[in-house]
Undergrad: 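Before we start, here is the structure in question, set down as structure tokens.
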Amino acid sequence: MKLVIAVIKPHKLDPVREALTEIGVSGLTASEVKGFGRQKGHTEIYRGAEYTVAFLPKVKIELVIPDDLVERTMETIRQTAETGQIGDGKIFVLDVERAMRIRTGEIGEEAL
Amino acid sequence: MKLVIAVIKPHKLDPVREALTEIGVSGLTASEVKGFGRQKGHTEIYRGAEYTVAFLPKVKIELVIPDDLVERTMETIRQTAETGQIGDGKIFVLDVERAMRIRTGEIGEEAL
Amino acid sequence: MKLVIAVIKPHKLDPVREALTEIGVSGLTASEVKGFGRQKGHTEIYRGAEYTVAFLPKVKIELVIPDDLVERTMETIRQTAETGQIGDGKIFVLDVERAMRIRTGEIGEEAL
Amino acid sequence: MLCFAHIGAALTLSLLLPLPAFAQDALNSGDTAWIIAATALVLFMTLPGLALFYAGLVRSQAVLSVVMQCFAIACLSSILWLVAGYSLAFGDSIAGWVGGLDKAFFSGVTSDVLSGSIPEIVFAMFQMAFAVITPALIVGAYPERMKFSAVLWMSSLWLLLVYAPVCHWVWGGGWLSEMGVMDFAGGIVVHATAGVSAIVIAMMLGARRGFPEQVRPPHNPGMTATGAAMLWVGWYGFNGGSQLAADGGAGMAIATTHIAAATAAIAWMAIEWIKFGKPSLVGAVTGVIAGLATVTPASGFIGPMGGLILGFTAGIVCFYAVQIVKFSLKIDDSLDVFAVHGVGGIIGSLLVSVLALAVFGGGGLAEGQTVIGQLGVQALGVGVTLVWSAGFTFLILKVTGALTGGLRVTEEQEIEGLDIAFHGESGYDLGR
Amino acid sequence: MLCFAHIGAALTLSLLLPLPAFAQDALNSGDTAWIIAATALVLFMTLPGLALFYAGLVRSQAVLSVVMQCFAIACLSSILWLVAGYSLAFGDSIAGWVGGLDKAFFSGVTSDVLSGSIPEIVFAMFQMAFAVITPALIVGAYPERMKFSAVLWMSSLWLLLVYAPVCHWVWGGGWLSEMGVMDFAGGIVVHATAGVSAIVIAMMLGARRGFPEQVRPPHNPGMTATGAAMLWVGWYGFNGGSQLAADGGAGMAIATTHIAAATAAIAWMAIEWIKFGKPSLVGAVTGVIAGLATVTPASGFIGPMGGLILGFTAGIVCFYAVQIVKFSLKIDDSLDVFAVHGVGGIIGSLLVSVLALAVFGGGGLAEGQTVIGQLGVQALGVGVTLVWSAGFTFLILKVTGALTGGLRVTEEQEIEGLDIAFHGESGYDLGR
Amino acid sequence: MLCFAHIGAALTLSLLLPLPAFAQDALNSGDTAWIIAATALVLFMTLPGLALFYAGLVRSQAVLSVVMQCFAIACLSSILWLVAGYSLAFGDSIAGWVGGLDKAFFSGVTSDVLSGSIPEIVFAMFQMAFAVITPALIVGAYPERMKFSAVLWMSSLWLLLVYAPVCHWVWGGGWLSEMGVMDFAGGIVVHATAGVSAIVIAMMLGARRGFPEQVRPPHNPGMTATGAAMLWVGWYGFNGGSQLAADGGAGMAIATTHIAAATAAIAWMAIEWIKFGKPSLVGAVTGVIAGLATVTPASGFIGPMGGLILGFTAGIVCFYAVQIVKFSLKIDDSLDVFAVHGVGGIIGSLLVSVLALAVFGGGGLAEGQTVIGQLGVQALGVGVTLVWSAGFTFLILKVTGALTGGLRVTEEQEIEGLDIAFHGESGYDLGR
Ligand SMILES: Nc1ncnc2c1ncn2[C@@H]1O[C@H](COP(=O)(O)OP(=O)(O)O)[C@@H](O)[C@H]1O
Ligand SMILES: Nc1ncnc2c1ncn2[C@@H]1O[C@H](COP(=O)(O)OP(=O)(O)O)[C@@H](O)[C@H]1O
Ligand SMILES: Nc1ncnc2c1ncn2[C@@H]1O[C@H](COP(=O)(O)OP(=O)(O)O)[C@@H](O)[C@H]1O
């Protein structure tokens with residue numbers, strides 16, 4: 001099994017979720033994160049004082065999938081999350097050794 | 001060392017934390033996440049407009065532990081976090097190559 | 001490529017980000033987390049009722065870097081994030097199998 | 001108001017109360033005390049009341065922009081009211097259609113000139129508070145997608161071309177008041193004008209991204225409820241103050257106002273409970289506002305019974321009006337200005353002709369006026385107001401669009417949210 | 001109030017001020033102006049004051065449900081007050097225990113009927129605001145775990161069976177007012193009734209999941225402080241308005257009220273500082289409310305000194321009352337309605353017999369009444385009120401439980417939070 | 001105020017209005033009604049107005065500490081005002097510099113003693129509300145880094161040593177009022193004293209960690225705007241109430257106040273728009289407060305025109321004052337108390353000598369006084385007040401530092417935030 005971590009633009013979360021369900025992904029976990037990279041942050045000015053906000057709001061999705069689904073998952077995410085603008089984000093893949101479904105105790109791919 | 005990632009129901013965080021301390025886990029990191037899976041989300045209605053909330057509030061805990069503790073950790077989390085209801089969550093295990101304690105610079109299992 | 005996960009004190013985020021940029025890290029993702037470990041939490045008292053807050057606010061940074069940058073990255077984070085006080089946090093390193101830049105579809109180290 | 005409230009007051013006070021002889025020709029400190037307090041209450045309705053009511057209903061990325069729009073409109077309207085608005089509304093009538101500029105810059109409105117039993121400056125300020133909230137009500141039509149510059153231009157022109165004239169017709173001694181139209185506190189002047197203009201703007205501006213399926217739910221219903229509560233409290237000044245005296249008429253006005261608000265909220269809750277299985281807070285407070293808007297034109301002319309009837313009607317009719325506008329007509333009048341304020345104000349302005357009758361506990365119609373006759377006047381007043389408001393709003397938007405290079409923000413700005421895009425601020429920084 | 005405040009007013013105004021001859025038999029526009037404003041202030045106490053005060057103290061998953069309960073109770077109580085409540089409280093007395101239905105639907109309360117120097121409709125609305133806040137105070141006893149339907153049934157029955165009668169006894173010319181009980185603004189009528197009922201409900205409903213160790217801390221103390229501040233400001237209308245006139249008596253009432261609030265807050269802060277090492281905001285504002293509740297029955301009868309003494313007592317006694325109820329008796333009166341309002345109201349209702357004496361700067365007791373004698377009357381009034389309130393609340397809960405198939409929500413609903421479970425809304429959507 | 005507002009009132013009321021004969025020597029219920037309401041409005045300015053205005057501007061980890069400081073100062077000041085403050089300000093003058101202790105504990109201020117046409121107890125409470133907000137204004141100078149104990153000591157001493165005497169000079173019949181200084185509602189007494197003291201404190205306390213580059217932006221601008229709106233509404237009571245009557249003078253005071261606020265906000269917005277490309281909400285509401293502070297000393301003496309001019313001046317001058325203090329002088333007067341309140345109050349106190357002239361629609365200067373003459377008196381008043389306030393604040397801080405073992409919190413406490421470090425609470429618990 002693999003853990004796919006994708007950092008995307010917040011308004012792309014729902015489209016990506018829907019696209020992934022269609023290719024048979026059973027579940028995923030999302031969290032709000034702050035991203036720093038090539039995309040510039042913005043500056044806020046209060047009473048003349050400038051505050052540079054280096055981090056931009058992003059959403060991180062994490063999903064564990066069977067090895068054979070990795071290709072399609074990455075492709076799906078890429079196509080759905082892409083806007084062509086700088087700041088679209090990244091996809092990373094890590095290896096997962098074990099998985100378990102808490103409710104049933106099932107392990108391995110059954111747990112997904 | 002292994003990184004154990006568990007996604008659980010929010011009100012199970014404290015019980016799990018206590019149970020883990022008892023079996024000798026020295027620390028962990030938790031974060032609020034939104035989960036999507038078999039468990040249905042709910043719909044909110046404002047002035048007649050329906051909003052389907054696909055994601056449910058979950059808590060993700062991440063802890064790095066020595067290899068020999070993996071079994072007991074997974075068991076402990078499963079037992080404590082289980083409610084038998086759909087949506088109890090998952091446990092994933094990944095391999096960790098290195099660890100370091102910032103305060104002391106200790107590395108490896110000493111860092112945990 | 002490696003995934004470096006560091007849990008640090010919140011007010012160290014900006015210094016660490018700046019230090020990492022200097023050594024050539026192209027980007028990173030940060031999130032607000034709650035940490036539990038050796039450092040004691042605090043208690044809040046409302047109308048005489050004590051609430052022990054076991055978790056402390058921490059910031060988790062995740063960055064994927066080329067293998068050769070791991071040493072310097074860990075050192076940089078350690079030096080910048082250290083206060084010498086208990087609770088300074090940890091650094092973990094995991095292996096990353098694949099990476100992709102959503103905007104361009106570039107893969108591997110080009111994606112970083 | 002001027003004219004009718006006074007008849008109202010007259011009706012009320014006549015005979016039964018031994019009135020201090022100088023009541024109408026000298027300063028009455030009690031009346032003055034109440035109208036000054038009422039003025040503060042009406043200002044409180046807009047700032048922070050309406051601002052919070054609306055701001056809680058939008059996405060968190062636009063919360064500040066909504067508050068900012070309310071503040072900016074309040075400031076602009078105040079200045080414009082001083083400069084010309086008050087005079088256009090209450091200056092010497094030009095053929096009954098608009099006031100002259102004789103009172104521009106409040107000229108002649110010194111602290112020792114009276115209007116009835118209160119200083120005219122107090123009356124002018126009370127009216128200013130109305131001129132502040134009316135254009136601000138329209139903010140609910142265009143949140144999250146209109147350029148700030150366009151908001152300012154449009155609101156300013158609207159105040160002078162729509163609000164001031166209609167205010168003159170009804171309260172400034174214009175043609176409608178000549179005909180004896182009944183609008184105690186602004187069903188026509190405030191709610192009908194704002195409501196119909198909101199629809200026009202929503203149609204010309206277009207819907208929010210993703211409307212109707214994809215729009216985000218209200219980001220802070222508690223903020224909305226807080227604002228609604230402030231509007232409710234402030235409305236005591238809005239309707240009770242329109243009596244322009246501290247007497248039983250003012251008391252009855254707050255009674256009918258309060259009862260209508262409470263009844264409408266219960267009706268709205270009931271419908272949601274039946275239709276959706278759950279009564280919501282946003283629904284309940286929307287009912288409150290619907291009841292308040294609906295009772296406004298009638299508040300000083302009717303009795304508690306009338307309040308019950310208007311409140312009940314408001315709760316039901318406005319609920320379905322929202323559904324029709326949003327889901328049948330697919331018009332993104334985002335915060336339902338027309339369905340709640342417009343529809344409510346119109347209902348109230350028509351039903352007052354019936355509910356003012358003594359049988360319903362009302363103060364009765366003017367000497368020798370019949371229900372049918374009054375209904376005709378009311379219908380005419382509402383009709384002409386709707387046409388005038390819609391027409392001028394259309395023109396104003398055309399002009400504004402030209403002045404600001406389009407009314408609408410870019411898609412990027414809408415996605416990022418107006419707070420950062422137009423004001424360089426973010427609403428909540430709650431992290432460490 | 002009716003009876004005593006007038007004596008109060010009399011005491012105050014007599015002799016020294018040259019009163020306009022018609023003071024008591026004609027409309028006084030100044031008094032009317034103040035009471036209308038006071039009515040708005042008292043409504044403001046509940047909406048949004050009390051709603052925010054309570055909502056900030058619960059978990060974020062129940063914030064809306066608390067606000068919703070306050071709104072719904074406010075609306076229901078208003079209608080019930082119009083329909084029957086006002087008449088049960090102020091209608092022709094039936095043997096001194098309850099009013100008749102002669103004033104049902106405010107019949108006879110037209111805008112030209114006076115009550116003292118103000119229109120009766122204004123008096124009726126002022127009283128309505130009291131009828132709105134009293135059942136809403138009880139919301140603090142059962143947050144996060146009571147069915148919404150049960151809340152509505154219970155509050156409605158409670159208004160008619162507990163509030164209205166007790167209000168009649170004390171202010172409506174009932175048996176307690178015959179005996180000369182002193183309750184200027186509601187120590188017995190408002191705080192004692194609500195406080196003891198809260199305890200009964202908390203015991204019958206059971207504690208929140210995980211009480212006492214595991215309950216979550218207040219989710220938004222700033223919201224609670226905002227509500228407390230609004231309650232403080234509104235209390236000027238609550239106590240000052242109970243004078244039913246704009247005179248020195250009203251002025252003295254707000255003075256004693258303000259001083260008691262400030263003193264109680266300081267006392268509470270001091271205790272926390274000593275006991276826990278840190279004075280908390282939640283503690284300080286709880287002290288404010290304790291002081292306000294405690295001074296309420298006495299506010300118009302005492303002087304500044306009395307305010308200091310009552311405030312100091314309130315801060316200390318109520319602090320320990322909270323500890324006893326929650327941690328000794330283990331009763332989850334979640335937001336401390338009994339310990340703060342009940343205990344405060346009782347203390348004030350008893351101490352007024354002493355502090356009303358001229359030596360403490362008070363206005364004195366009624367002609368020929370002694371401290372012991374007055375104390376007896378007060379104790380009797382408090383005692384009977386506690387028994388009546390507790391008894392009927394018990395019965396009402398039994399009936400309500402039967403009507404709603406149990407008072408309590410399921411554990412799942414409690415965990416998920418009432419906002420989503422019962423109203424289909426969430427309090428904060430601050431994410432992107 | 002006492003003296004001048006009365007002349008103001010006189011000017012206003014004289015001749016043209018047929019005054020009830022007993023106007024100045026008997027209770028006027030209308031005037032009393034307004035001043036009681038005004039007192040509630042001024043209390044509302046501090047709680048929750050000012051508390052929210054300031055709390056929204058700090059980091060989320062210090063939001064509660066700011067609200068707590070406002071509450072604690074309000075409570076302490078109220079008690080001190082009762083005990084001695086009122087007497088030091090309004091007791092029998094000792095050589096024109098301070099009042100005696102004859103009115104300590106409000107002795108002699110019974111409910112039947114009049115001050116002008118209102119009960120003295122009402123006047124004393126109205127003044128108490130001023131004594132509450134003035135030291136609370138200074139909270140903006142030292143948020144996030146001053147020990148709570150130091151805040152309490154300093155504020156208490158400041159009230160007695162700075163506020164009370166200056167209040168006596170100007171309003172209590174002291175030397176400045178003898179010279180005919182014009183300060184309608186507190187440009188000198190409130191804003192100049194608080195403003196200059198703020199700067200002194202900021203300098204002695206030192207800047208926040210990371211100032212100026214690294215400080216966090218306002219954590220909740222919407223909260224700040226809500227507070228600003230409440231301040232605006234409450235200011236009607238602050239300035240309008242200072243007329244001490246419900247008449248045209250009070251009406252004109254709220255008119256000039258409102259117009260100045262609106263104009264200053266627009267001016268501030270315009271500057272930001274030009275300079276930074278975006279007008280911000282925080283900027284707009286800061287402009288509102290600048291306009292209100294600036295018009296305060298003049299509000300009852302000038303006309304609408306004067307309001308426009310003062311508002312415009314305030315918006316521009318205060319904007320640049322902020323830049324100079326923060327970025328040129330690098331003084332961390334964190335929430336700009338001096339730049340906004342101090343500078344505003346001073347400008348208004350000087351310009352009133354010109355704008356009070358009839359040509360600007362003002363009520364004119366006192367009999368036989370010239371602009372130059374008046375300007376001299378104003379300048380002297382401002383000058384002496386600044387020196388006195390700065391000097392005593394310096395001494396008070398030295399004493400306080402000694403009493404509390406240093407004024408400043410530790411770096412750890414500052415990083416963790418004062419909410420947890422000093423009050424054991426956290427502002428927002430919005431998680432599951
Ligand atoms: N090396 C990295 N490790 C982890 N996250 C990264 C890394 N580089 C970028 N990111 C995340 O991806 C987001 C987008 O990256 P950015 O460089 O701004 O644009 P793009 O991906 O289009 O080149 C960043 O905001 C950050 O959250
Ligand atoms: N494949 C997955 N990868 C990552 N997280 C998952 C995955 N499947 C489920 N989750 C997380 O686990 C939670 C519970 O999963 P769900 O399918 O709803 O119930 P259950 O685990 O009982 O089958 C989800 O809300 C989601 O946060
Ligand atoms: N085994 C672990 N796995 C994951 N995170 C950990 C682990 N141990 C500690 N942490 C994180 O590091 C933070 C600091 O650890 P702590 O033991 O408190 O101090 P120190 O790192 O100085 O020994 C904790 O708050 C927690 O977020």
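These numbers come from the heavy atoms of this one structure, side chains and all, not from hydrogens, waters or symmetry mates. Computed from a prediction, not measured in an experiment: that's the story for all the values here. Sequence lines set the chain letters: A, B, ... in the order given, protein chains first and strands last, and positions in each chain run from 1.
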Undergrad: Is chain E contacted by the side chain of F:Pro48, its backbone, both, or neither, given a heavy-atom distance below 4.5 Å?
TA: both

Undergrad: What part of F:Thr110 is in contact with chain E, defined as an atom under 4.5 angstrom from a non-hydrogen atom: side chain, backbone, both or neither?
TA: backbone

Undergrad: Pick whichever of F:Ile35, F:Thr39, F:Leu64, F:Leu41 has the most heavy-atom pairs under 4.5 Å with chain E.
TA: F:Leu64

Undergrad: Would you mind reporting whether F:Tyr428 and E:His219 have side-chain heavy atoms less than 4.5 Å apart?
TA: no

Undergrad: If you count heavy-atom pairs within less than 4.5 Å of chain E, which of F:Ala124, F:Gly431, F:Ala55 leads?
TA: F:Gly431

Undergrad: Side-chain contact test, heavy atoms from C-beta onward, threshold under 4.5 Å: evaluate it for E:Ile254 versus F:Met125 and give yes or no.
TA: yes

Undergrad: Answer with yes or no after comparing the ring centroid distance for F:Phe422 and E:Trp273 against a 6.0 Å cut-off, counting only values under it.
TA: no

Undergrad: What part of F:Leu43 is in contact with chain E, defined as an atom under 4.5 angstrom from a non-hydrogen atom: side chain, backbone, both or neither?
TA: both

Undergrad: Can you tell me which portion of F:Ala40 sits under 4.5 Å from chain E's heavy atoms? Options are side chain, backbone, both or neither.
TA: both

Undergrad: Under the side-chain contact (heavy atoms from CB on, under 4.5 Å) criterion, do F:Phe71 and E:Met269 qualify, and how do the steps go?
TA: CA-CA 11 Å; F:Phe71 260 94; E:Met269 264 190 267; over 6 Å; no

Undergrad: Other residues, nucleotides and ligands only: do more than 12 of their heavy atoms fall within 6.0 Å of CZ on E:Phe276?
TA: yes

Undergrad: Check whether any side-chain heavy atom of F:Met68 lies under 4.5 Å from a side-chain heavy atom of E:Pro279, and answer yes or no.
TA: yes

Undergrad: Of the listed residues (F:Phe44, F:Phe106, F:Trp34), which shares the most heavy-atom pairs with chain E below a 4.5 Å separation?
TA: F:Phe44

Undergrad: Answer with side chain, backbone, both or neither: which region of E:Met223 has an atom nearer than 4.5 Å to a non-hydrogen atom of chain F?
TA: neither

Undergrad: Within a strict 4.5 Å, meaning less than it, do heavy atoms of the F:Val67 and E:Val285 side chains meet?
TA: no

Undergrad: With the side chain counted from C-beta on, respond yes when F:Thr32 and E:Asp247 share a heavy-atom pair under 4.5 Å apart, and no when they do not.
TA: no

Undergrad: Does the side chain of F:Leu47 reach to within under 4.5 Å of the side chain of E:Val288, using non-hydrogen atoms?
TA: no

